[in-house]
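Each remark here refers to the structure printed beneath this line.
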Amino acid sequence: MPRQYLLGMYEKATPAELTWIECLDVARDSGFDYVEISIDESSERLERLEWTPGRRRDLVRAMGSTGMPIRSLCLSAHRSYPLGARDPEVARRSLQIMEGALGLACDLGIRMIQLAGYDVYYEEGSPETRARFEENLARAVEMAARSGVLLGFETMETPFMDTVEKAMAYVTKIDSPYLGVYPDVGNLTNAALLYGGSVAGDLAVGRGHILAAHCKETVAGKYRDLPFGTGTTDYEGALDELVAQGVRRYVAEFWYLGSERWREEVAASACYVREKIDAAFSRAEG
């Protein structure tokens with residue numbers, strides 16, 4: 001009987017020097033169902049948007065030979081090239097990156113792109129950056145609609161979009177079936193501590209528009225690089241709400257930090273997150 005949900009492995013959980021076949025093998029052997037590829041602001045990962053058709057076919061063949069697909073794309077390159085940038089050239093580059101990511105997604109069989117919820121990152125936000133963000137977001141969603149690829153906002157660590165409620169303001173404005181929310185439950189836990197709400201209550205605002213979710217370990221004021229089981233993320237509140245809403249895709253977001261035991265840690269992370277999701281399904285079935 002197939003699982004009730006799919007669990008993805010974030011690509012950065014493994015050393016960057018692995019070949020794609022090695023990375024996919026690790027994900028399969030560790031108990032994941034798919035891999036989430038990263039297109040971040042580094043030149044090495046941005047270069048993937050320029051891969052030749054032959055290079056893309058090679059990766060599709062690697063997926064076939066390992067039996068491990070890549071089915072989502074985390075697009076964090078907009079940190080350096082944000083949709084709301086004041087500089088028109090930077091804003092144009094943000095849309096070129098969006099177009100390139102959509103093209104890569106189509107060629108690799110990826111159905112979902114996670115967007116970083118920033119108007120700008122390395123500069124101060126303003127009414128101008130927010131207006132440009134909304135304008136270019138509308139263009140990005142038009143591109144996604146033509147490509148048939150879903151875009152989902154990640155809830156971030158900055159006040160611009162650190163809750164589902166804030167993400168939904170833009171989802172409602174754009175009003176497209178191709179734009180939803182792809183929240184990070186660790187970041188939502190920190191936002192709930194900051195604002196005094198609950199993770200489940202915030203997720204409820206996005207009902208019907210949540211595409212998938214990142215499961216990540218956090219503590220107050222720290223948003224990454226924590227091993228699973230060492231933080232305060234409200235998995236129970238988040239996953240009970242997400243499972244009830246019908247969300248069936250999750251990604252374990254964690255990073256390779258140089259440990260010699262990284263293979264064991266990847267497998268242990270898969271087990272840890274699956275236990276949390278399985279428990280939510282068990283509670284739902286009552």
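Excluded from the calculations below are hydrogen atoms, water molecules and symmetry mates; all remaining heavy atoms, backbone and side chain alike, are included.
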(request) Please assess Val181 against Leu211 for the test side-chain contact (heavy atoms from CB on, under 4.5 Å), listing each intermediate value before the final yes or no. (result) CA-CA 6 Å; Val181 189; Leu211 309 179; over 6 Å; no
(message) Set out, in order, the CA-CA distance, both residues' side-chain angles and the distance that settles side-chain contact (heavy atoms from CB on, under 4.5 Å) for Lys12 and Arg224, then state yes or no.
(response) CA-CA 12 Å; Lys12 291 184 180 181; Arg224 56 175 291 154; 5.6 Å; no
(request) Show the numbers, then the answer: is there a side-chain contact (heavy atoms from CB on, under 4.5 Å) between Leu179 and Phe153? (result) CA-CA 8 Å; Leu179 181 65; Phe153 280 127; 4.0 Å; yes
(request) Go through the steps to decide whether Tyr195 and Asp162 satisfy the test side chain to side chain donor-acceptor pair (under 3.5 Å), and finish with yes or no. (result) CA-CA 10 Å; Tyr195 301 129; Asp162 53 0; 2.6 Å; yes
(request) Go through the steps for Ser259 and Glu264 under the test side-chain contact (heavy atoms from CB on, under 4.5 Å), then give the verdict. (result) CA-CA 10 Å; Ser259 169; Glu264 293 93 332; over 6 Å; no
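The shortest non-hydrogen separation linking Asn187 to Glu154 is ND2-OE2, 4.2 Å. Heavy atoms only, all atoms of each residue included: Cys106 and Val149 are closest at SG-CG2, 4.0 Å. Of all heavy-atom pairs spanning Val26 and Val266, the tightest one is CG1-CG1, 4.1 Å. Taking both residues in full, the closest heavy atoms of Pro69 and Met63 are given as CA-SD, 3.8 Å, listed atom of the first, atom of the second, then distance. Considering all non-hydrogen atoms of both residues, Leu242 and Ile210 come closest at CD2-CG2, 3.9 Å. Between Leu102 and Ala144, the shortest heavy-atom distance links the atoms CD1-N, 3.6 Å.
A side-chain N or O of Thr129 and one of Asp119 form a donor-acceptor pair less than 3.5 Å apart. When only modelled atom types and interatomic distance are considered, Gln114 and Glu253 share no side-chain donor-acceptor pair under 3.5 Å. Defined by atom type and a distance below 3.5 Å, a donor-acceptor pair is present between the side-chain atoms of Tyr235 and Glu217. A donor and an acceptor atom, one from each side chain of Tyr5 and Asp33, are nowhere located under 3.5 Å apart. Side-chain contact annotation: Asp184 with Tyr223, donor-acceptor N/O pair under 3.5 Å absent. Donor-acceptor pairing under 3.5 Å is recorded for the side chains of Tyr118 and Glu157. A donor-acceptor contact closer than 3.5 angstrom is absent between the side chains of Tyr121 and Glu41.
Val120 and Val90 are not part of a single hydrophobic cluster, where members link through side-chain heavy atoms under 4.5 Å apart. Cluster membership for Met156 and Leu226, using ILVMFWY side-chain heavy atoms within less than 4.5 angstrom, is not shared. When the side chains of ILVMFWY residues are joined at heavy-atom separations under 4.5 Å, either directly or via intervening members, Val205 and Leu193 end up in two distinct hydrophobic clusters. Residues Phe228 and Leu257 share a single hydrophobic cluster, defined by chaining ILVMFWY side chains whose heavy atoms lie under 4.5 Å apart. Leu104 and Leu95 end up in the same hydrophobic cluster when Ile, Leu, Val, Met, Phe, Trp and Tyr side chains are linked at under 4.5 Å.
With a 6.0 Å radius and a threshold of 12 heavy atoms from other residues, nucleotides or ligands, Glu265 has its CD atom above the threshold. Surrounding CD of Glu165 are at most 12 heavy atoms belonging to other residues, nucleotides or ligands under 6.0 Å away. Shown here is Glu124, whose CD atom has no more than 12 heavy atoms of other residues, nucleotides or ligands within 6.0 Å. Within 6.0 Å of atom CD in Glu47, more than 12 heavy atoms from other residues, nucleotides or ligands are found, so the atom counts as buried in its surroundings. Heavy atoms from other residues, nucleotides or ligands lying under 6.0 Å from CD of Gln96 number more than 12.
Residues Leu24 and Ile70 form a side-chain contact, since some pair of their non-hydrogen atoms from C-beta on lies under 4.5 Å apart. With contacts defined as side-chain heavy-atom distances shorter than 4.5 Å, the pair Leu115/Met98 qualifies. The side-chain heavy atoms of Phe160 and Lys166, taken from C-beta on, include no pair separated by under 4.5 Å. With contacts defined as side-chain heavy-atom distances shorter than 4.5 Å, the pair Tyr122/Ser80 qualifies. Between Lys216 and Trp255 there is a side-chain heavy-atom pair separated by less than 4.5 Å. At a threshold of 4.5 Å between non-hydrogen side-chain atoms, the residues Glu236 and Asp234 count as touching. Side-chain contact check for Ile37 versus Arg48: some heavy-atom pair is nearer than 4.5 Å. Residues Thr14 and Tyr256 form no side-chain contact, since every pair of their non-hydrogen atoms from C-beta on lies 4.5 Å or further apart.
With hydrogens and angles disregarded, a donor-acceptor distance shorter than 3.5 Å links the side chain of Glu11 to the backbone of Ser38. Panel note: side chain Asn190, backbone Val219; a donor-acceptor pair is recorded below 3.5 Å. Side-chain N or O atoms of Ser30 include none that pairs as donor or acceptor with a backbone N or O of Phe32 at under 3.5 Å. For Arg248 (side chain) and Val243 (main-chain N/O), a donor-acceptor pair under 3.5 Å exists by modelled atom type. A donor-acceptor distance shorter than 3.5 angstrom exists from the side chain of Thr233 to the backbone of Thr218, with no hydrogens or angles considered. Of the possible donor and acceptor atoms, none in the side chain of His214 sits under 3.5 Å from a partner among the backbone N and O of Tyr182. Checked by atom type and distance alone, the side chain of Arg79 never pairs as donor or acceptor with a backbone atom of Asp40 at under 3.5 Å. No donor-acceptor distance shorter than 3.5 angstrom exists from the side chain of Ser72 to the backbone of Ile110, with no hydrogens or angles considered.
Within the cation-pi definition used here (under 6.0 Å to the ring centroid, within 45° of the axis), Arg71 does not qualify as a partner of Tyr34.
Annotation: the span from Leu151 atom CG to Leu137 atom CG amounts to 8.0 Å, rounded to 0.5 Å. Between the CD atom in Glu123 and the CG atom in Asp87 there is a gap of 8.5 Å [rounded to 0.5 Å]. Between atom CZ of residue Arg132 and atom CZ of residue Arg130 there is a gap of 14.0 Å, rounded to the nearest 0.5 Å. Considering OH of Tyr178 and CD of Glu142, their distance stands at 10.5 Å, rounded to 0.5 Å. The structure places CZ of Arg28 at 11.5 Å from CE of Met9, a figure rounded to the nearest 0.5 Å. In this structure, CG on Leu75 lies 7.5 Å from CG on Leu49, to the nearest 0.5 angstrom.
Look at Glu135 and Arg139 and you find a salt bridge, because one of the NZ, NE, NH1 or NH2 atoms lies within 4.0 Å of a carboxylate O, short of that distance.
Checked against Asp58 for a side chain to side chain donor-acceptor pair (under 3.5 Å), the options Arg56, Arg55, Arg61 give a single hit: Arg61.
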